[in-house]
Amino acid sequence: KREAMNAFSNDQVLLEKYLVNPRHIEVQLVSDGQGNHFHFFERECSIQRRYQKVIEESPVENLEHSLRSKMYGMALRIAETINYCGAGTIEYILSEQGEFYFLEMNTRLQVEHPVTEMVTGFDLVELQIKAAQAQAFEFKQVDIKQHGHAIECRIYAEDPDQGFLPTTGRIQAILGNATIDYRLDSGYANKNMISINYDPMLAKLIVHDLNRYMAIDKMQLSLNERLFSGVKTNRGFLKRVLDHDKFLDGKIDTHFIDK
């Protein structure tokens with residue numbers, strides 16, 4: 001307060017609660033062009049480095065049903081209060097005691113939206129376009145259901161063993177043998193040069209299966225494919241995370257990578 005008074009002639013300060021070992025959980029929303037608001041369940045985004053997400057999945061492991069319902073309800077209330085239209089994401093921080101706090105709303109599609117598409121079967125891009133055209137959606141909330149489990153890994157051009165430093169090089173081949181049923185979203189083409197001037201994320205690798213353990217196994221197999229050969233990526237690091245006991249047990253938080 002003394003420093004604030006000296007610097008700004010105002011000693012008012014804001015204290016923020018520090019949450020120990022929190023989880024980062026978000027709820028996907030899409031509101032149509034007629035004032036109707038829908039949630040498409042939640043995503044786990046706790047595996048991060050430098051506050052950037054690395055692995056995302058849906059549904060969230062080890063989350064009580066009552067807590068999920070409260071998160072959905074709060075997200076819908078926010079959308080209704082601001083008369084939202086289109087796709088958006090309500091992001092929460094979840095404490096070890098089961099209390100969740102509003103972090104922010106991303107008023108756009110998230111990088112990790114494919115995991116929601118995988119488990120719900122809805123095309124969120126299509127819904128966003130319909131909302132922009134002031135159309136009403138031809139379904140109700142009860143029609144949106146989750147099926148199985150989906151995991152997304154972000155493929156970065158970086159060296160995790162060197163402090164996640166960005167790497168450069170020329171892509172020799174983006175796809176491997178494609179023997180596994182996976183989805184690969186990327187804006188790069190073969191022979192493209194990866195420079196230091198852009199974000200190091202090369203692609204999103206997404207898999208879906210009947211349950212979480214089967215999805216993890218499928219992701220491991222997918223990461224074995226020679227994706228983005230010619231460039232040093234974080235593929236090996238992703239495999240180590242997926243094989244970690246705490247990750248397999250769903251006992252993760254936003255400090256997982258640092259620890």
Is [X] linked to [Y] within one hydrophobic cluster, defined over Ile, Leu, Val, Met, Phe, Trp and Tyr using a side-chain heavy-atom separation of less than 4.5 Å?
X    : Y    : result
V119 : L109 : no
I90  : V115 : no
L67  : L76  : yes
I78  : V30  : yes
I206 : L221 : no

Is it true that [X] and [Y] make a salt bridge, defined as a side-chain N closer than 4.0 Å to a carboxylate O?
X    : Y    : value
K145 : D143 : no
D253 : K259 : yes
R68  : E64  : no

Quiz item: V54 and L238: side chain to side chain contact (heavy atoms under 4.5 Å, CB included), yes or no, with the steps?
Solution: CA-CA 8 Å; V54 177; L238 292 168; 3.5 Å; yes
Roughly how far, to the nearest 0.5 Å, is the [atom2] atom of [Y] from the [atom1] atom of [X]?
X    : Y    : atom1 : atom2 : value
Q128 : H113 : CD    : NE2   : 9.0 Å
M219 : I216 : CE    : CD1   : 9.5 Å
C153 : K239 : SG    : NZ    : 10.0 Å
R212 : D217 : CZ    : CG    : 11.0 Å
T233 : D159 : OG1   : CG    : 10.0 Å
L63  : M71  : CG    : CE    : 5.5 Å

Take atom [atom1] in [X]; do more than 12 heavy atoms of anything else shown fall under 6.0 Å from it?
X    : atom1 : value
M74  : CE    : no
R50  : CZ    : yes
R108 : CZ    : yes
E138 : CD    : no

[X]-[Y] side chain donor-acceptor pair, cut-off 3.5 Å:
X    : Y    : result
Q135 : Q133 : yes
R43  : T116 : yes
K140 : N36  : no
Q48  : H24  : yes
E91  : N106 : yes

Self-check item: Steps toward side chain to side chain contact (heavy atoms under 4.5 Å, CB included) verdict (H147, M118)
Solution: CA-CA 8 Å; H147 304 280; M118 289 281 201; over 6 Å; no
Would you indicate whether the side-chain heavy atoms of [Y] and [X] approach each other to under 4.5 Å?
X    : Y    : result
L184 : I174 : yes
I194 : T167 : no
E96  : P22  : no
S95  : L19  : yes
Q28  : L124 : yes
K1   : E3   : no
I151 : L205 : no
Q110 : K53  : yes

Quick check: closest heavy atoms across [X] and [Y], and the distance to 0.1 Å?
X    : Y    : answer
A79  : S31  : CB-OG, 4.1 Å
P114 : D185 : CG-OD2, 3.7 Å
V125 : D123 : N-OD1, 3.0 Å
V231 : A157 : CG1-CB, 4.0 Å
A75  : V27  : CB-CG1, 3.8 Å
C85  : G33  : SG-CA, 4.1 Å

Practice problem: Could you tell me which residues satisfy salt bridge (charged side-chain N to carboxylate O under 4.0 Å, His left out) with R49, sequence neighbours excluded, listed by chain and number? | Solution: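 With neighbours one apart ignored, the set is E158.
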Quiz item: Which residue pairs pass the ring-ring contact (aromatic ring centres under 6.0 Å, His included) test when at least one of the two sits in residues 237-259, sequence neighbours left out?
Solution: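 Qualifying pairs, neighbours excluded: F164-F237, H244-F256.
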Quiz item: Can you list every ring-ring contact (aromatic ring centres under 6.0 Å, His included) pair that touches residues 93-112, not counting sequence neighbours?
Solution: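 Qualifying pairs: Y92-F100.
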Quiz item: Considering residues at least two apart in sequence or located in another chain, which fulfil the ring pair (Phe, Tyr, Trp, His ring centres under 6.0 Å) criterion with F139?
Solution: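 Checked F139 against ring pair (Phe, Tyr, Trp, His ring centres under 6.0 Å); matches are F38, F122, F137.
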Quiz item: Mind checking what makes ring pair (Phe, Tyr, Trp, His ring centres under 6.0 Å) contact with H39, not counting sequence neighbours?
Solution: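 With neighbours one apart ignored, the set is F41, Y72.
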Self-check item: side chain to side chain contact (heavy atoms under 4.5 Å, CB included) between L29 and H37, intermediate numbers included
Solution: CA-CA 7 Å; L29 296 173; H37 310 282; 5.9 Å; no
Exercise. Starting from the C-alpha separation in whole Å, work towards a yes-or-no answer on salt bridge (charged side-chain N to carboxylate O under 4.0 Å, His left out) for E152 and R183.
Key: CA-CA 9 Å; E152 173 180 288; R183 170 175 168 176; over 6 Å; no
Quiz prompt | side chain to side chain donor-acceptor pair (under 3.5 Å) between H149 and E57, worked out | solution = CA-CA 7 Å; H149 197 96; E57 56 183 309; 2.7 Å; yes
Self-check item: side-chain hydrogen bond (donor to acceptor under 3.5 Å, both in side chains) contacts touching residues 189-207 (sequence neighbours left out)
Solution: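 Those involving residues 189-207 are Q172-K191.
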Between the side chain of [X] and the main-chain N/O of [Y], is any donor-acceptor distance below 3.5 Å?
X    : Y    : result
D32  : G35  : yes
D181 : K218 : no
Q34  : A134 : yes

Exercise. Dump the intermediate steps for side chain to side chain contact (heavy atoms under 4.5 Å, CB included) on S58 and F40, then the final yes or no.
Key: CA-CA 10 Å; S58 183; F40 289 74; over 6 Å; no
Exercise. Using the side-chain contact (heavy atoms from CB on, under 4.5 Å) rule, pick out the option among E61, R23, E56 that qualifies with E44.
Key: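 One option only clears the test, and that one is R23.
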